[in-house]
Chemist: 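Pasting a structure here, questions to come.
Each chain gets a letter, A, B and so on, in the order the sequences are listed, and its residues count up from 1.
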Protein chains: 2
Amino acid sequence: VSVTFARGFSAAGVAAGLKPSGALDLALLVGAAGTTATGLFTTNKVVAAPVQLARARLDAGHGTAVLVNSGQANAATGPRGAGDALRATDAAAALLHRDSDDVVPCSTGVIGEPIHMPELLAALPGLVDSVAPDGDDDFAHAILTTDTVSKQATATAGQFRVGGAAKGVGMISPNLATMLAFVTLDAAVARGHLSRLADDVLRDTFNSISVDGCTSTNDTVVVLASAAAGGSPVTPGTTAWDGLATAVGAVGESLARQLIHDGEGATHVLLIDVVGAADENDARAVAKAVADSPLVKTAAFGEDANPGRILQAAGAAGVDLDADRLDVWIGDVQVAAGGTIDPDSFAHGGSAARAKPAMAAPEVSIRLRVGDGPGAARVLGCDLSYDYVKINGEYTT
Amino acid sequence: VSVTFARGFSAAGVAAGLKPSGALDLALLVGAAGTTATGLFTTNKVVAAPVQLARARLDAGHGTAVLVNSGQANAATGPRGAGDALRATDAAAALLHRDSDDVVPCSTGVIGEPIHMPELLAALPGLVDSVAPDGDDDFAHAILTTDTVSKQATATAGQFRVGGAAKGVGMISPNLATMLAFVTLDAAVARGHLSRLADDVLRDTFNSISVDGCTSTNDTVVVLASAAAGGSPVTPGTTAWDGLATAVGAVGESLARQLIHDGEGATHVLLIDVVGAADENDARAVAKAVADSPLVKTAAFGEDANPGRILQAAGAAGVDLDADRLDVWIGDVQVAAGGTIDPDSFAHGGSAARAKPAMAAPEVSIRLRVGDGPGAARVLGCDLSYDYVKINGEYTT
């Protein structure tokens, strides 16, 4: 159950033939008339055509439906790619009897390969016909690429429902990376307030996960509010707003964790918590440096409680920190204190040995205290395995 | 032939028992009295004890000999580590009949593990006894850790000779990383001028190689000039200076290339050239982003000419660039023009297919033109293979 858990939304997913595998690859999410929408987008300087069009339409206050294709990312495709995004959404809008501006495009797949437009256009009528309130599972599957499972989440806040679906296994990093996420809610929320909600409770969530540190050309989070639950618009500073924000945040958090668990080749999830930094940005930079370090990631794959690699990564984060103040824990075992690793840690029964079970857990908790400052952050990462190399060494252009 | 190619230097390497393997692990390089020295050091905030002591001694104008141990990095070892670095160099200096300040310490190996001091101190007399003009090969081998081959280079400039040795296979990144390099020359060069020479012709060289983007706690480049070739001091602005700079640069370049060829698990070397950037820093940032991208690195391992991943990495470099101006070549084949990948590139005989032989070469040349600016840079990287994961997943703490 995902994007149609919130009332006022219908969805569908079909196999249009965009993927050589024949799997579902074209998805549509349709909100009731009057749905408001907002988006968060990649920070990569190379931005896919659908991202440019989606951002323009959402910024102008439009967007009641989302058309997603997987198989081709429609990135680095030049004027042809921009034209394809326009033609696809024009065709979908005509079939939905909506304005072209109402349809927001998203694409994911191979960079540089143009969308297979004849197949997409031929499949659109069937896609629009199959849109239904129970189409969320097909939608959630049709947006996937190398994902092994779909990512779906729901939450409630009083009479309001929140639903979400996401995709992404690689090119996921803390600057919004090849990841698409769709969050729906059935409260009435003015467009400007919806944008604030996304900034407040979703941006940091999706900026705090990292599979491989690579920021994609296509990352997009779209949030839609249908007002179908009835009631007057929910506004900031009210109890209803706080409840809604908590529910949206919970859906985002769940999707983010599902994404990282399905990270390409991941056998362990890394939960990197940093406290005591000067501010949240410094804390996140240190946490990201540890989460992205190939040496920490391979140590996690080898289930090796290696405090030196954690210190090395923290020290290279580009943050002004005092190495003599660094405390590190793996699970509940302190493996470095005041920047120093216990000299007996490598001996029989030493801290490295005692921390090994925590390093072998499905979720590896690594905590760093870097000083006395108020800055704290958590970044979710994963290990670097043979399968990451295999998947990305063999994924064909 | 390496550090004793330059006259006025003797060297040795012995097996002190610091490495469990019993391989050579303690090395000494001794310059003639009056030798001048300078150093370049890691930018990591977590700095090993020997780096702190070496920097202090070199900054104070001292340093005629270098004591190197492999097996333990003496990093994150606190006051004990600082004491160990002092005791080791004190003992070596006494045996050499020099001042303690004359001996510069370097360590490489496991972070957090204290140096095995009893073994080191017991081996020092034998090490000093075996110092000889033909000890450079033992020296070059004793400094190695997971390296598979030693790195040695020589060059000449008129009557002057320049030699060098280096180690490092992982934790090598463009901010000077677990890499130790020693360059000797037999010209007379004042200490301040030697420092300038290192800055001018060695800093960029060693900052332009990247195995895994990880900056180490121990990286050090030490340059020593013995004056043993005779003649008056060589000063900037002279023909002799220019010749000497060229020779030192050539030794540095050779060592850097040997390091990257021996990168952990590397099966391909990446030569990333960026031109047209606003300045050299921007060019290097883009080249480093491409060289360090796990997606580019796994594509190289898979010998997959994947222009989308190169564009993605360039776009995420944190540099202000115009995506519509990006041109990319793999070998001699242009795979992206004006930010657009030829739509037929994935078809039979398309650019991706034509670029595949270049992607399969031992040295893969990837060139990017990012605009019309004067900034250009080259970064050397390597691919990300199963063996990188194996080596770093199994390398024990």
Chemist: Less than 4.5 Å apart, side chain to side chain, heavy atoms only: is that true for B/Arg80 and A/Pro343?
Modeler: yes
Chemist: Name the option with the most non-hydrogen atom pairs under 4.5 Å to chain A; the candidates are B/Leu384, B/Asp342, B/Val47.
Modeler: B/Leu384
Chemist: How close do A/Thr298 and B/Val389 get, heavy atom to heavy atom, and via which atoms?
Modeler: CG2-CA, 3.9 Å
Chemist: Let's test your reading of the structure: which of B/Gly112, B/Ala323, B/Gly302 forms the most heavy-atom pairs below 4.5 Å with chain A?
Modeler: B/Gly112
Chemist: Just jot down the side chain to side chain contact (heavy atoms under 4.5 Å, CB included) partners of A/Ala355, sequence neighbours excluded, or say none.
Modeler: A/Ala305, A/Ile330, A/Val333, A/Val335
Chemist: Which residues pass the side chain to side chain contact (heavy atoms under 4.5 Å, CB included) test with B/Ala337, not counting sequence neighbours?
Modeler: B/Asp327, B/Gln334
Chemist: Rounded to the nearest 0.5 Å, how far does OH of B/Tyr386 lie from CG of A/Asp387?
Modeler: 7.5 Å
Chemist: Just so I understand: if I count every heavy-atom pair under 4.5 Å between each of B/Asp324, B/Asp322, B/Leu326, B/Thr77 and chain A, which residue has the most?
Modeler: B/Thr77
Chemist: Do B/Asp320 and A/Lys45 sit within salt-bridge range, that is, some charged N less than 4.0 Å from a carboxylate O?
Modeler: yes
Chemist: For the atom pair CD (B/Gln312) and CD1 (A/Ile111), what is the distance rounded to the nearest 0.5 Å?
Modeler: 6.0 Å
Chemist: Can you say whether A/Pro114 sits under 4.5 Å from chain B via the side chain, the backbone, both, or neither, judging by heavy atoms?
Modeler: side chain
